[in-house]
Amino acid sequence: MPATLMDGKALAERLRGEVTREIAALGHVGLATVLVGDDPASDVYIRLKQRAATEAGIDARDIRLDASTSEDEVLALVHDLNDDAEIDGILVQLPLPSQIDETRVTYAVAPHKDVDGFHPVNAGNLYLGTPLHVPATPAGCMALLAEYGVDPKGKNAVVIGRSEIVGRPAAMLLLQAHATVTICHSRTADLAAEVRRADIVVAAVGVPGIVTADMVKPGAAILDVGLTRTEEGIRGDVDPAVADVAGLLTPMPGGTGPMTIALLLESAVKAARYRRGLLAYPTL
Ligand code: GUN
């Protein structure tokens, strides 16, 4: 029997409806997105995020800076946004042009406004099992698992990729949900053997079709986060034939992508609650 598709688009729509109502109740939620340069993929992501935020009733500020902008200029902008009473959440789209140190910019965002969850305070709290702001893509994966009745407790979960945006936080969230977690990466000796033991797979390396049907345990839940634009169209990390073996599979597109946007909006609401003292954000 072919895998059930995990409909990220439908779940994201439902979550966005809930977020819209929460924003209306809060009155005002301000989100600033910052895009430096003209990377076409980043431009698409920012457009999607801006549109979704505006549709949900967020006061969304779309800040675009020239590709030649200096690190000091970006840091000055981030500091201004940190101090801006109209802004609850800040998102600096990655990657940044090579003259800018991403780590310095990530550290500069006030942790309670860091809707991406990339600041070390937020990453550290996730590591410690006390999550505050959590990266949207792995949070979306967890929401999809919950929606489709997959409890990670006691399951073998394999995360392919160790990026700070997806792989590492996905592993931490699965661990917090009591899965037995393995993180695979480019130096993993036998990827197929690791994946074969997995009840849950999160594939996030950006290598089209790296997860093939012969690697997958029958009935496993497979979340495809990788996205590569090829001449034949958008390809995920998971080969489409995996649908013949898996129990649950995210479609590509329409799986994890829409969830990332929905969870970002949830994060913006959370940031607004932190700023209003409706939710406690621990300070150092
Ligand atoms: N680049 C790729 N994914 C993301 C994301 O979730 N947030 C930001 N800020 N940049 C990204």
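Along the sequence shown, the residues carry numbers beginning at 1. Counting starts at 1 for both ligands and their atoms, following the listed order.
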### Message
Is it true that Asp7 and Tyr148 share a donor-acceptor pair across their side chains at a distance under 3.5 Å?
### Response
no

### Query
How about Thr212 and Asp214: does a side-chain donor come under 3.5 Å of a side-chain acceptor?
yes

Nearest-contact summary for [atom] - protein heavy atom, Å:
{"atom": "atom 3 (N) of ligand 1", "result": "Ile165 CG2, 4.0 Å"}
{"atom": "atom 11 (C) of ligand 1", "result": "Gln93 NE2, 3.3 Å"}
{"atom": "atom 1 (N) of ligand 1", "result": "Leu94 O, 2.9 Å"}

Let me have the donor-acceptor pairs involving side chains of residues 242-259, under 3.5 Å, with sequence neighbours excluded, atom names and distances please.
residue : atom : partner : partner atom : Å
Thr250  : OG1  : Asp224  : N            : 2.8
Thr256  : OG1  : Asp224  : O            : 2.8

Kindly list each side-chain donor-acceptor pair under 3.5 angstrom involving residues 35-46, sequence neighbours excluded, with atom names and distances?
residue : atom : partner : partner atom : Å
Asp39   : OD2  : Ser42   : N            : 2.9
Asp39   : OD2  : Ser42   : OG           : 2.9
Asp43   : OD1  : Arg64   : NH1          : 2.6
Asp43   : OD2  : Arg47   : NE           : 2.9
Asp43   : OD2  : Arg47   : NH2          : 3.2

### Whether Lys49 lies under 4.0 Å from ligand 1, heavy atom
yes

### Task
Pick one of side chain, backbone, both or neither for how Thr260 approaches ligand 1, counting any non-hydrogen atom pair under 4.0 Å.
neither

### Task
Please answer: with hydrophobic residues joined when any side-chain heavy atoms are less than 4.5 Å apart, are Leu144 and Leu5 in the same cluster?
no

Within ligand 1, which atoms have a heavy atom of [X] less than 4.0 Å away?
{"X": "Asp116", "value": "5 (C), 6 (O), 7 (N), 8 (C), 9 (N)"}
{"X": "Phe118", "value": "5 (C), 7 (N), 8 (C), 9 (N)"}
{"X": "Leu91", "value": "9 (N)"}

### Task
If the plane angle is over 60° it's perpendicular, under 30° parallel, otherwise tilted; pick one for Tyr274 and His133.
perpendicular

